[in-house]
Peer 1: 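Submitted below is the structure of interest, expressed as structure tokens.
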Number of protein chains: 2
Amino acid sequence: MATSTPSSADLATADQAPSATPAFSPLYQQIKGLILQSLEAGEWKPGEAIPSEMDLAARFRVSQGTVRKAIDELAAENLVVRRQGKGTFVATHSEQHVRYRFLKLVPDSGDEGPAQRSILDCRRLRASAEVARSLALRTGDPVLQVRRVLSFGGVPTILEDMWLPGNTFKGLTAEQMAAHQGPTYALFELEFGVRMVRAEEKIRAVAADAQQAQLLAVDEGAPLLSVERLSYTYNDVPMELRRGLYRTDTHHYRNDLS
Amino acid sequence: MATSTPSSADLATADQAPSATPAFSPLYQQIKGLILQSLEAGEWKPGEAIPSEMDLAARFRVSQGTVRKAIDELAAENLVVRRQGKGTFVATHSEQHVRYRFLKLVPDSGDEGPAQRSILDCRRLRASAEVARSLALRTGDPVLQVRRVLSFGGVPTILEDMWLPGNTFKGLTAEQMAAHQGPTYALFELEFGVRMVRAEEKIRAVAADAQQAQLLAVDEGAPLLSVERLSYTYNDVPMELRRGLYRTDTHHYRNDLS
DNA sequence: CAGTGGTCTAGACCACCAA
DNA sequence: TGGTGGTCTAGACCACTGC
């Protein structure tokens, strides 16, 4: 080996063990993995530029094209943002040019100002079986629960509960959340170094119970959109379970299929 | 010009007119546009292979790499499917390896058999203002409306209405829809040459009215997921408006964010 | 075995940005 | 003006498929 692609001499050839699945992994995938490790280790902070393609190519002893393809995939996964003439930057939930990255609820017509947030509750508790399963914890592990309401133009629109691993988000308080400006995920990045990278949502229609109805100023039994979101950091580690109840009388959940 | 990239001599340089926006368009984008035209014109049918990268490169007087990048984008948009060692194929809703391409409703647990369909209604009528606006028609233009129920394991789960431009889908009958096996969008491809390429969905929670409740075997007022889908063919031409009501007591709408 | 898509390289040049 | 990402080419070789 090492003759056909001389510059990849010190990278895994990935076919040493004659296992059932040869598991051939192209060079650019390995480079992608290495960049991912640096990203994960915090070598470059959110919002910062990563080294130029040339630099990375030199560092990994690989051609620029190979680095390019690795970064292409990272960019496609929104882990990194390319800006021509400037560089490639670590994606962030702060200064995200356009609103909230994971919130797909949009007003039926027109624009709207920023959300007004009110924290209703923020407490430490022990993980229920369900929460533990979702967050890959053990039942009874410390968990932080936050409940809040988001309003648009004075109309309460979203009631959501968040569950966070207690160990990772040790110092989080209601005051801190109330004081913070911008997306909650930006706060997670800045204060706890936790970067949400992707999420899965399960959506249902449910009827509002008495308490929910009161908090969202709708009738009891009114239909609400239930959005259960599980957010992941790097390496598919689940880091937040969130259950939102959305009023959809003036807003709707927008999704693009292809 | 024509000196730096000699092989692109006969393709638009796209910067002839000194307009406000230079509108620079890279070669591979132009190639993509040309392939798109052929796709659109039906030069290759859904499921068929398009010419090899080498052939296309020769045809457009361009390097293989440039064609490759054009096809990469088409593949990313699901207009085309690459299969190593075999070729590149026009995407289709038939033989789509995995279930229904645009349906994001999945059972809460386990798998399930295919849907049982029952066509409730199929009639020709005149477009309402709302339908006309969605389908880019004029109010009063001929429109075809189909109503049906999909059941899983005998449980009615989806009630949907579809509105289709009457001119394009002239001969469509309830019998035809009932007889057809597989995705409805496959039927559209085979019988009418209409390929749905992307779609936008607006999702809300609503309460079932008396009729809807009866058809879905739920109580009146029960919360249902309302999914309004507008599907497009090539060139962003809207071709179908569909309004589905989903029961979400045993299923949920699944969405992945990144 | 030939043909297809997939990877990798090396080098040239272009578009964009900031200083 | 120099650096960054973006485009384009040409050629070599690899992995997969089917005859």
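All chains are named by letter (A, B, ...) in the order of the sequence lines, taking the proteins before the strands, and each is independently numbered beginning at 1. Everything quoted here is computed from the prediction, not taken from an experiment.
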Peer 1: Check the distance between C/dT7's P and A/L27's CG and give it to me in whole angstrom.
Peer 2: 11 Å

Peer 1: Charged N to carboxylate O under 4.0 angstrom, A/E43 versus A/R59?
Peer 2: yes

Peer 1: Between A/K170 and A/E191, is there a side-chain N and carboxylate O pair less than 4.0 Å apart?
Peer 2: no

Peer 1: Look at the side-chain N and O atoms of B/T88 and state whether any lies under 4.0 Å from the OP1 or OP2 oxygen of C/dG5.
Peer 2: yes

Peer 1: Let me know the distance between CZ of A/R82 and P of D/dG3, rounded to the nearest Å.
Peer 2: 19 Å

Peer 1: Less than 4.0 Å between a side-chain N and a carboxylate O, is that true for A/R242 and A/E228?
Peer 2: no

Peer 1: Check whether the ring centres of A/H251 and A/F152 lie less than 6.0 Å apart, and answer yes or no.
Peer 2: yes

Peer 1: Under 30°, 30 to 60°, or over 60°: which ring-plane class applies to B/F169 and B/F192, parallel, tilted or perpendicular?
Peer 2: tilted

Peer 1: Using heavy-atom distances to pick each residue's nearest nucleotide on DNA chain C, tell me which of B/G85 and A/T66 is more 5'.
Peer 2: B/G85

Peer 1: Provide, to the nearest angstrom, the distance between the CD atom belonging to B/Q64 and the P atom belonging to C/dG5.
Peer 2: 8 Å

Peer 1: Please report the distance, rounded to the nearest Å, between CD in A/E53 and P in D/dT7.
Peer 2: 11 Å

Peer 1: Can you figure out which of C/dT4, D/dC8, D/dT4 approaches the side chain of B/S52 most closely?
Peer 2: C/dT4

Peer 1: Tell me: CD of A/E48 to C1' of D/dT4, nearest whole Å?
Peer 2: 17 Å

Peer 1: Can you check the A/K69 NZ to C/dG6 P distance for me, whole Å?
Peer 2: 8 Å

Peer 1: For B/S134, give me all partners under side-chain contact (heavy atoms from CB on, under 4.5 Å), at least two apart in sequence or on another chain.
Peer 2: B/L230, B/L241

Peer 1: Respond yes when some side-chain nitrogen or oxygen of A/R68 is under 4.0 Å from OP1 or OP2 of D/dG5, and no when none is.
Peer 2: no

Peer 1: For DNA chain C, whose closest nucleotide is more 5', that of B/I50 or that of A/Q29?
Peer 2: B/I50

Peer 1: By nearest atom, which of the nucleotides C/dG6, D/dC8, D/dG5 is closest to the B/P26 side chain?
Peer 2: D/dC8

Peer 1: Test side-chain hydrogen bond (donor to acceptor under 3.5 Å, both in side chains) on A/Y185 and A/E240; report intermediate values, then the result.
Peer 2: CA-CA 10 Å; A/Y185 291 127; A/E240 182 208 51; 2.6 Å; yes

Peer 1: Measure the distance from CG on B/D72 to P on D/dG6 and round it to the nearest whole Å.
Peer 2: 15 Å

Peer 1: Quantified as the angle between the terminal helix axes (five pairs each), what is the overall bend of the helix from C/dC1-D/dG18 to C/dA18-D/dT1 to 10 degrees?
Peer 2: 10°

Peer 1: Compare the minimum distances between each of C/dC8, D/dT17, C/dT7 and the side chain of B/K86, then state the nucleotide with the smallest one.
Peer 2: D/dT17

Peer 1: Nearest to the side chain of A/S63, heavy atoms from C-beta on, is which of C/dC8, D/dT9, D/dT7?
Peer 2: C/dC8

Peer 1: Could you give the CG-to-C1' distance, from B/D55 to C/dT4, as a whole number of Å?
Peer 2: 10 Å

